[in-house]
Amino acid sequence: MKKIYSRPKCLKDAIFHYCPGCGHSIIHRLVAELIDEMDLRGKIICIPPAGCAVLAYNYLDIDMCESAHGRGCAVATGFKRAQPDKLVLTYQGDGDMAAIGTAETIHAANRGERITSIFVNNAVYGMTGGQMAPTTILGQKTTTSPFGRREAFEGYPLMITDLIATMKGAAFVARNSLATPAKIKATKKSIKKAFEVQEAGLGYSLVEVLSPCPTNWKLSPIESFKYLEEIMEKEYPLKIFKDITKNKDSNI
Amino acid sequence: MSAQGKIIIDQSVCKACELCIWICPEGAIGISNVLNPKGYHPAEFIKEHCKGCTLCAVMCPEVAIEVYRGK
Amino acid sequence: MENKILMKGTDALGEAAIRAGCECYFGYPITPQNEVPEYMARRMGEENLVFLQGESEIASINMLLGAAASGKRAMTSSSSPGISLKQEGLSFMAAMELPALIVNIVRGGPGLGNIAPSQGDYFQATRGGGHGDYRIPVYAPATIQEVYDLTMEAFDVADIFRTPVMILGDGMLGQMVEPIDMHPKKDLEMPAKDYILDGAEGRPSRIMKSLILDVREMEEHNWKLKRKYDLMQQELPKHEEFMTEDAKLVIIAFGTAARIAKGAVKRARSEGLQVGLLRPITLWPFPVEAIEKLANKTSLFLVFEMNTGQMIEDVRLALNGRVECEFYGRPGGVVPAPQEVQRIIERYWLQKEL
């Protein structure tokens with residue numbers, strides 16, 4: 001029997017602190033697999049967010065530089081401008097990227113910064129206990145939208161990936177999901193493409209990953225993955241918005 | 001004889017999210033009645049029907065599953 | 001004869017930074033410091049270095065953090081409201097011990113204030129400014145030559161102590177033009193940058209962070225920073241004394257206010273009053289020792305600031321009640337003439353029968 005699947009080298013063998021069924025650790029593994037496969041450990045710098053994944057540096061065995069909440073794209077911009085031959089990745093949640101960090105995200109994309117952002121969209125603020133996020137869906141109950149999000153009071157889910165896809169500075173923009181093994185593999189493919197676009201210096205690359213948050217969705221892990229496919233993917237359709245290496249839209 | 005597979009689950013890190021059980025097309029994974037150090041009943045490889053398709057490993061949030069395939 | 005070149009404050013600052021090896025500048029427009037990013041946009045471009053105008057001061061300070069994490073000498077400049085926006089980033093850089101230069105060309109405040117020169121940001125600059133228990137070295141130039149020299153020195157201090165360093169100027173210093181000697185930077189031996197991130201090639205990965213969840217570890221980190229600040233307190237204080245040898249009354253003032261006070265001291269001296277000036281060049285660490293020494297032979301200190309009284313607190317702390325200390329201030333961007341300060345000196349001179 002040949003071993004055909006095992007823990008990527010680039011993942012430290014620490015136990016994840018994430019809740020059972022959380023999507024963060026799956027994404028960490030995908031990034032780690034890509035770092036192994038594309039031999040990026042010597043050139044990649046990751047900027048973890050202020051959020052559940054702030055502790056990503058306990059798991060990814062690469063150089064990491066923490067940023068204040070929402071400032072990932074700015075820290076990454078400064079780093080990449082100073083050291084253009086490095087591969088710079090920001091790993092951000094929905095609050096980090098589309099609430100407090102909206103300006104940093106939009107402007108980094110608009111400047112076509114040669115950085116890659118992985119945007120983990122689980123529609124809540126996880127680390128702080130399940131508050132409403134900019135991507136919380138209408139009707140979705142959270143600790144700060146206890147009656148369910150209402151457009152009259154809390155406005156609409158912010159489609160930041162769609163916004164960024166309209167920007168000339170963006171070279172690769174995709175939205176993926178972790179709902180099934182096939183979609184997890186497609187997510188890995190998108191992240192790999194984003195890294196390649198960055199290495200080719202074509203512009204800003206963004207991969208939004210719809211990810212479950214069982215604890216704050218108050219669902220079991222399995223129910224969360226179903227919710228991801230049945231509810232989240234309806235609100236946030238999966239799509240490669242933009243890929244300037246192939247200049248046509250394609251659905252996953 | 002179709003390809004045979006085998007998985008090794010690192011039960012010490014399993015958090016009993018049961019995603020592997022849900023996703024396994026062969027029903028080759030169950031719940032162990034033993035408690036792991038974290039106080040979870042970890043997933044357990046119970047049947048020999050495993051084809052080594054790796055779906056469980058791709059799904060596992062704890063990266064706890066190694067997959068083997070072949071004779 | 002040294003070859004002196006006529007330079008404007010903002011340009012001297014920019015040129016000094018480039019000659020000090022600054023490779024990245026991040027900034028955002030705000031009067032009265034716009035000429036710094038404008039100068040840097042041109043010069044950094046000519047030198048093929050990094051210039052980037054951020055979308056906000058918050059973005060700029062975080063770009064600075066990223067560049068510093070990569071090991072490059074980097075700087076940003078702004079003015080009062082912009083520096084307020086940068087305080088979170090400053091606290092992060094202090095916690096992560098990242099070297100960089102931050103320039104504050106102070107303007108009238110608080111709030112939107114105005115664009116006239118002021119010293120209203122003294123507390124913000126010298127008390128750490130952002131959240132948490134930290135300090136940063138703060139230099140207050142009073143001449144264009146000092147703007148040039150202190151900018152270069154700030155980069156060295158930043159690398160030696162691994163800390164952000166601030167230069168506190170004001171709109172007047174920025175616009176003023178004076179002949180200066182644009183000497184090359186001192187080539188001091190800098191500590192190795194073995195902490196920077198450059199890709200974990202054949203080495204363990206490095207983490208730059210300020211999140212320290214374990215309280216004992218956080219306490220130790222605080223004490224580590226404190227030991228560093230104590231070291232700075234010993235090594236960095238800098239001041240200038242003018243006619244203090246026989247002075248009964250000594251004015252304490254920094255930056256533009258010190259220039260005005262110097263004029264007042266000369267006028268008062270011409271009237272036969274034994275008056276002198278002590279000018280702190282480092283606002284933090286504050287030149288406590290210099291003031292303590294002067295206290296032995298000075299009857300009265302008069303603190304003059306272009307604010308409603310901030311440095312006075314540090315002077316009183318240094319004097320510890322041993323000598324009387326009065327205050328005269330003009331906040332809001334007002335730049336009084338030396339004669340005005342001279343009259344204040346004469347009034348105290350008579351009242352206190354010096």
Side-chain angles (χ1 to χ4, degrees), chain A residues 10-12 17 32 35 39-51 54-88 90 100-111 113 115 127, chain C residues 22-28 44 49-76 85-93 95-96 98 100 130-131 195-213:
Chain A
C10 200
L11 263 189
K12 297 178 185 172
H17 73 287
I35 291 169
D39 189 19
L40 297 174
R41 186 167 181 275
K43 63 184 277 193
I44 188 166
I45 313 293
C46 178
I47 319 278
V54 65
L55 295 177
Y57 42 69
N58 291 342
Y59 313 118
L60 287 169
D61 190 15
I62 54 176
D63 277 3
M64 309 267 277
C65 176
E66 220 173 59
S67 78
H69 186 44
R71 315 307 175 199
C73 281
V75 173
T77 297
F79 195 101
K80 183 75 176 189
R81 291 283 177 127
Q83 300 280 8
D85 58 343
K86 301 300 172 195
L87 192 106
V88 182
T90 77
I100 189 170
T102 308
E104 283 78 4
T105 306
I106 296 272
H107 284 279
N110 194 51
R111 288 190 301 265
E113 294 295 341
I115 59 177
M127 177 190 214
Chain C
C22 173
E23 297 189 50
C24 307
Y25 173 91
F26 306 98
Y28 188 81
M44 298 293 265
L49 298 168
V50 173
F51 170 85
L52 183 55
Q53 179 177 306
E55 58 273 21
S56 70
E57 287 92 348
I58 294 174
S60 300
I61 188 79
N62 282 288
M63 291 173 188
L64 184 67
L65 187 149
S70 83
K72 290 282 168 81
R73 279 192 161 181
M75 72 174 282
T76 185
L85 289 176
K86 294 184 175 186
Q87 292 303 327
E88 180 198 43
L90 255 176
S91 169
F92 271 69
M93 293 185 76
M96 295 160 91
L98 286 173
H131 61 283
Y195 55 87
I196 63 166
L197 305 184
D198 54 8
E201 186 64 58
R203 65 163 170 75
S205 51
R206 287 184 192 142
I207 303 168
M208 272 192 191
K209 68 184 178 81
S210 50
L211 176 76
I212 303 174
L213 291 171

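For the numbers below, each heavy atom of this structure counts, side chains included, while hydrogens, waters and symmetry mates do not. Sequence lines set the chain letters: A, B, ... in the order given, protein chains first and strands last, and positions in each chain run from 1.
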Below 4.5 Å from any heavy atom of chain C, which atoms of [X] appear? Answer side chain, backbone, both or neither.
X      : result
A:I62  : backbone
A:K86  : side chain
A:I106 : neither

Among C:L213, C:L49, C:L65, C:I58, single out the residue with the greatest number of heavy-atom pairs under 4.5 Å to chain A.
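Greatest number of close heavy-atom pairs with chain A: C:I58.
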Which of the residues C:A68, C:A67, C:S70, C:G202 is involved in the greatest number of heavy-atom pairs with chain A at under 4.5 angstrom?
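Of the options given, most contacts go to C:S70.
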What are the two closest heavy atoms between [X] and [Y], and how far apart are they?
X      : Y     : result
C:L211 : A:Y57 : CD2-OH, 3.6 Å
A:F79  : C:G66 : CD1-O, 3.2 Å
C:N62  : A:A68 : OD1-CB, 4.4 Å
A:A74  : C:A59 : CB-O, 3.5 Å

Name all residues meeting the ring pair (Phe, Tyr, Trp, His ring centres under 6.0 Å) criterion together with C:Y25; count only those two or more places apart in sequence or in a different chain, and write none if there are none.
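For C:Y25, the residues satisfying ring pair (Phe, Tyr, Trp, His ring centres under 6.0 Å) (neighbours in sequence not counted) are C:F51.
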Under 4.5 Å heavy-atom distance to chain A, tell me which part of C:K72 shows up: side chain, backbone, both or neither.
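Looking at C:K72, just its side chain touches chain A.
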Region of C:S60 that comes under 4.5 Å of a non-hydrogen atom in chain A:
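When you check distances to chain A, no heavy atom of C:S60 falls under 4.5 Å.
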With rounding to the nearest 0.5 Å, note down the distance linking OG in C:S205 to CD1 in A:I44.
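Atom-to-atom, C:S205:OG and A:I44:CD1 are 12.0 Å apart.
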Report the distance from atom CD1 of C:I207 to atom CG of A:N58, rounding to the nearest 0.5 Å.
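Between atom CD1 of C:I207 and atom CG of A:N58 there are 6.0 Å.
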Output yes when a side-chain donor or acceptor of C:E55 lies under 3.5 Å from a complementary backbone atom of A:H107, and no otherwise.
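Looks like no, no N/O pair under 3.5 Å.
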Compare all side-chain heavy atoms of A:C65 with those of C:M96 and state whether any distance is below 4.5 angstrom.
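Side chain of A:C65 against side chain of C:M96, heavy atoms only: contact under 4.5 Å found.
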Given side chains that start at C-beta, do those of A:D63 and C:M208 come closer than 4.5 Å, heavy atoms only?
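Counting from C-beta outward, A:D63 and C:M208 never come under 4.5 Å.
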Mind jotting down which residue pairs meet the salt bridge (Lys or Arg N to Asp or Glu O under 4.0 Å) criterion with at least one end in residues 66-85 of chain A? Sequence neighbours excluded, please.
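Non-adjacent pairs meeting salt bridge (Lys or Arg N to Asp or Glu O under 4.0 Å): A:R71-A:E104, A:R71-C:E88, A:R81-A:E113.
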